[in-house]
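So the structure is just underneath, and the comments pick up after that.
Residue numbering restarts at 1 for every chain, and letters A, B, ... go by the order of the sequence lines.
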Protein chains: 2
Amino acid sequence: MPIKNTDAERVRNVSFFRNADDATFDTAMNGAFLQRFPANTTLLMEGDSVDFLYILLEGSVELGAGWKSKDTTLAILRPVSTFILAAVVLESDALMSAVTLERSEILMVPGDSLRRGMKENAVFGFAVSEELAGCYRGLVRSIKNHKLRDSTERLANYLLTQRARQGGKDEIVLPHEKRVLAALLGMTPENLSRAFSKLSDKGVSVDGARVAFSNVTVLERLARPSPLIDNHYAQDRNTLGKAYTERQQGVLDQS
Amino acid sequence: MPIKNTDAERVRNVSFFRNADDATFDTAMNGAFLQRFPANTTLLMEGDSVDFLYILLEGSVELGAGWKSKDTTLAILRPVSTFILAAVVLESDALMSAVTLERSEILMVPGDSLRRGMKENAVFGFAVSEELAGCYRGLVRSIKNHKLRDSTERLANYLLTQRARQGGKDEIVLPHEKRVLAALLGMTPENLSRAFSKLSDKGVSVDGARVAFSNVTVLERLARPSPLIDNHYAQDRNTLGKAYTERQQGVLDQS
DNA sequence: GCCGCAACTTGACATTTATCAAGTTCCCGT
DNA sequence: ACGGGAACTTGATAAATGTCAAGTTGCGGC
């Protein structure tokens with residue numbers, strides 16, 4: 001499927017293409033095409049060689065990994081996000097699998113083209129470095145979240161992050177099925193249920209996908225959200241402003 | 001302290017300076033200086049603003065993070081390794097603290113200089129991107145290691161990695177105190193002791209810092225090392241060859 | 001050599017998380 | 001509206017890990 005103007009525009013507006021000049025944009029996107037995938041499609045398995053950079057324009061994608069019959073979810077992506085950028089830069093194999101969670105639209109950019117664009121234009125290359133650095137820091141946050149917090153604390157912080165992102169009102173809607181959320185937070189669905197009931201003390205009430213907060217203060221006292229782990233404070237930290245925070249969300253945040 | 005020729009050479013030979021031309025090297029290293037630190041010196045605390053790229057030339061450094069009176073070790077670095085590169089690229093605050101474990105020699109490169117070098121020379125910028133991508137993949141491996149394996153499995157794989165790195169003989173010497181190793185593997189020292197005794201079934205015997213293997217096959221059956229998690233297979237994956245694997249080790253691997 | 005402290009080990013116990021087994025609810029298609 | 005299956009919840013139990021409290025070992029400094 002050829003790239004329509006509207007798609008090209010969406011790509012230009014986010015991600016590291018934002019400030020590229022036209023010539024570099026054309027180089028880096030040479031041979032790119034748009035593809036639609038149904039839900040639950042495996043785009044990539046661990047160990048596959050990676051020929052394309054993926055840019056999620058619509059839908060959502062789960063990044064995961066497995067070992068010895070265990071599986072874990074590393075991130076859930078929403079538009080607009082790039083993924084497997086690191087493998088593309090290194091011409092290496094994928095360390096994570098990628099599966100669509102819903103019907104998705106994905107722009108596939110040949111790795112060769114991207115690398116050529118990077119090597120020909122230093123400013124564009126720097127923008128890619130910024131993207132990579134943002135991805136790296138997202139992973140650091142994720143590791144800290146898992147090693148320093150127990151499951152209830154992770155859930156509490158997830159809820160506060162969602163609340164901030166959904167406008168700060170006292171009711172939010174969970175963006176995923178609870179079993180998906182459980183995998184993202186690194187626990188079993190049973191444990192997630194129990195974590196929710198532990199939070200009823202803290203004014204959290206659940207009705208299906210709707211979660212209401214009656215006392216955010218006491219929830220925050222348990223959750224102790226930190227700008228060094230959680231993402232919702234990350235804005236205005238540098239001159240990249242919103243563009244940067246959007247990207248970080250995309251790549252690793254637990255949306 | 002000014003940079004001696006020998007130091008400059010060591011930096012050039014590793015890391016992303018390897019293929020830079022002289023002009024770019026000078027730009028990127030402008031204002032850099034070498035500093036020695038005693039053991040247990042805090043180089044950087046979480047949340048500090050980052051003005052320099054650090055390059056460890058001698059000694060070792062622990063990267064860690066804390067929250068709510070808990071602390072965790074994210075990596076232990078050995079020469080030659082760069083650290084906090086991502087924060088430098090983004091002109092952002094540190095997400096990890098850095099503390100010397102022994103007397104260390106560290107080259108400090110002004111962030112401005114590095115960024116200028118990247119923006120002026122696309123090839124150098126690409127090399128930095130490769131470094132960042134390697135760091136990213138190191139973190140992915142680390143997360144997989146922690147989420148997919150229990151503590152005994154992590155220890156078993158750590159031992160096999162060390163064995164490979166120390167020449168494949170049937171006896172190795174642990175490069176760190178056991179309490180440091182425990183922190184690195186994400187467990188308490190007590191738990192590490194117990195994990196070692198569980199491995200005596202598998203032919204592992206411990207005497208101080210010396211660990212001997214009497215049956216590697218059965219240990220491997222438990223550990224199930226994987227090139228998608230562990231590092232010792234990573235060579236010859238791409239044209240970067242040894243340079244790349246060295247860097248990856250440096251940044252995240254559990255040496 | 002020996003003293004003393006820190007590292008390490010071991011045991012008993014608490015906490016956290018996973019697993020297994022029902023049940024209940026919800027959603028979707030007929 | 002109804003039926004069926006997946007999602008979710010709840011309880012009982014097991015496994016993994018952390019905590020606390022002894023001890024023991026080992027190593028560096030005097």
**Partners passing salt bridge (Lys or Arg N to Asp or Glu O under 4.0 Å) against A:Glu190 (at least two apart in sequence or in another chain)** = none
**Prompt:** Between atom CZ in B:Phe196 and atom P in C:dC8, what is the gap in whole Å?
**Reply:** 10 Å
**Prompt:** Quick one: A:Arg179 CZ to D:dG5 P, roughly how many Å, whole number?
**Reply:** 17 Å
**Message:** From CG of A:Asn40 over to P of D:dA6, roughly how many Å is that when rounded to an integer?
**Reply:** 13 Å
**Complete:** Hits for side-chain hydrogen bond (donor to acceptor under 3.5 Å, both in side chains) against A:Arg179, two or more places apart or cross-chain, chain-then-number order -> A:Glu177
**Fill in**
Rounded to whole Å, CG of B:Leu185 lies from P of D:dA16 at a distance of 17 Å
**Fill in**
Applying side-chain contact (heavy atoms from CB on, under 4.5 Å) to A:Asp71 and not counting sequence neighbours gives none
**Prompt:** In whole angstroms, how far is the P atom of D:dA15 from the CZ atom of B:Arg149?
**Reply:** 22 Å
**Contacts of type side-chain hydrogen bond (donor to acceptor under 3.5 Å, both in side chains), residue A:Ser60, not counting sequence neighbours** = A:Glu102
**Message:** From CG of A:Leu192 over to C1' of D:dC8, roughly how many Å is that when rounded to an integer?
**Reply:** 10 Å
**Request:** For B:Ala94, enumerate each residue passing the side-chain contact (heavy atoms from CB on, under 4.5 Å) test, keeping only those at least two apart in sequence or located in another chain.
**Result:** B:Leu44, B:Val50
**Terminal axes of the helix from C:dG1-D:dC30 to C:dT30-D:dA1 (five pairs each): angle between them, nearest 10 degrees** = 50°
**Asked** If you measure from CZ on A:Arg154 to CG on A:Leu148, what distance do you get to the nearest 0.5 Å?
**Response** 10.5 Å
**Prompt:** To the nearest Å, how far apart are B:Lys147 NZ and C:dT17 C1'?
**Reply:** 14 Å
**Message:** Can you tell me if B:Ser151 touches the phosphate of D:dT17, counting only side-chain N or O atoms and a distance under 4.0 Å to OP1 or OP2?
**Reply:** yes
**Request:** For residues 56-84 of chain A, pull every pair meeting ring pair (Phe, Tyr, Trp, His ring centres under 6.0 Å), keeping only residues two or more places apart or in separate chains.
**Result:** A:Tyr54-A:Phe83
**Request:** Only counting residues at least two apart or in another chain, list the ones meeting side-chain hydrogen bond (donor to acceptor under 3.5 Å, both in side chains) with A:Lys178.
**Result:** none
**Message:** Check this one for me: any side-chain N or O of A:Lys178 less than 4.0 Å away from OP1 or OP2 of D:dT9?
**Reply:** yes
**Item:** For atom CZ of B:Arg210 and atom P of D:dG26, their distance in whole Å
**Value:** 12 Å
**Complete:** CD of B:Glu153 to CG of B:Asn145, rounded to nearest 0.5 Å, is 9.5 Å
**Prompt:** How would nucleotides 18-30 of chain C be written as a contact map, 5' to 3', with B for base contact, S for sugar-phosphate-only contact and - for no contact, using protein heavy atoms under 4.0 Å?
**Reply:** SBB----------
